[in-house]
Amino acid sequence: MLVAAPRFFKIRSFDLHCIPSVSYCSPKASKGFLKAAADQMEKVLKTERNNLHANPRLHNIYGHVTEILELRAEKPSLQVLFIPGNPGIVSFYKDYVVAVYESLDRKATVTAIGHIAHTLEDWENGRLFSLQEQIQHKKEYVKEELLPQRIPILLVSYMIGIYPFLTMNRDSPWQSLLTKSAGSQIVSVGVSSFAALVGLFPTWFHQGLIRTLLGRSWSSDAVHVACTYLLRYSMVRNFTFMGMTEFKKLQENLDWAFIKEKENRMAFLFGVDDHWGPLSLLEEVSHNASGVNLTIEKEGHTHAFCCTKAGSIWVANHTMDVIRKHVLAS
């Protein structure tokens, strides 16, 4: 995971955009009624704070219907933008987005932006999108919607979301296999068709299969998201196609000159046994850009941190530690 932050910013206090509507009350209204209304409002506010949920919404970005997961502040001093890996399904990151938002005392807007066509419905009518097209999609979102706000942007990226700061792990047999199979249209179509076929079976079968194949420790919400999204032909076809273009890009050399130039604004989080972000890459970054903040997760959370509540909260807390130590303290 990559956290790239602005060098200087301060967070100032402001009201949250969660005030419920109230009816007009005449000056003759009794004090008891006004107090009761005020108490009721406080109860509503407290309930909203205690039952905060982040749900995806559709948003047109760069001419493409995109799923966005967002918790907004009324007058934010900071924008946290999260870019997922592949598949880029923002619903996996609900717990993470809520935890980051809460950790910032609800004083910053936190947004997770999904990938084109990694959506519940096939809004693109079967069109496939490459890694480069997904990157351009995010650049346009930042350019058109975030930069005009003139507030600092904190970029948090996960897996392929951190490209071009990621490279191929040539020591991983699994990645070598994926590199070969991802380039095959036959394999991509076959996997997508199989997923769609499984999607025709009852829900209990989906859930059992997902837990068996992907993770018994996954939360029920993560299993639900996987069953809802990953058993659709258009969805699977798109993330396998994106994977094909990923592996081509990951074989290129890292831009060390750029990383060195921005090293005091970057932080990387690695896992002990995560072949997608191996410790050999940590050593390479440390050698070539010693100013980058590097951390190794040793609490036992897996690569799919977003699929457990504990993992989501841990990574959110780590994100906040980076913000406090290397951004707020600047």
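For clarity, every value in this text was computed on a predicted model and none was experimentally measured.
One N or O on the side chain of Y101 and one on the backbone of R72 form a donor-acceptor pair closer than 3.5 Å. Formation of a donor-acceptor pair under 3.5 Å by the T212 side chain with backbone atoms of G208 is found in this model. Checking side-chain atoms of T245 against main-chain N and O of M242 turns up a donor-acceptor pair under 3.5 Å. Under the 3.5 Å distance criterion, the side-chain polar atoms of S312 are matched with a main-chain donor or acceptor of T308. For the pair T66 (side chain) and G114 (backbone), a donor-acceptor distance under 3.5 Å is absent.
Connection of F194 to F201 is established within a shared hydrophobic cluster, with ILVMFWY side chains joined at heavy-atom distances below 4.5 Å, either directly or through further cluster members.
Judged purely by distance below 3.5 Å, without hydrogens or angles, the side chains of R237 and Q185 pair a donor atom with an acceptor atom.
Within the 4.5 Å cutoff, the side chain of D95 has no heavy atoms near those of the C306 side chain. Residues E297 and W314 form a side-chain contact, since some pair of their non-hydrogen atoms from C-beta on lies under 4.5 Å apart. Considering only heavy atoms from C-beta on, L197 stays 4.5 Å or farther from S193 through its side chain.
Note on ring orientation: taking the six-membered ring where Trp is involved, the planes of F82 and Y96 are tilted (angle from 30° to 60°). Note: Y93 and F305 have tilted aromatic rings, judged against thresholds of 30 and 60 degrees for the angle between ring planes.
Using a 4.0 Å cut-off between charged nitrogen and carboxylate oxygen, E133 and R127 count as a salt-bridge pair. With respect to the salt-bridge test (charged N to carboxylate O, under 4.0 angstrom), the residues R57 and E67 do not qualify.
In this structure, the ring of F239 has its center no less than 6.0 angstrom from the ring center of H115.
Checking each of H64, E145, E70 against H59 for a side-chain hydrogen bond (donor to acceptor under 3.5 Å, both in side chains) leaves exactly one that passes, namely E145. E140 pairs with exactly one of K143, Q136, K138, H137 by the side-chain hydrogen bond (donor to acceptor under 3.5 Å, both in side chains) rule, that one being Q136.
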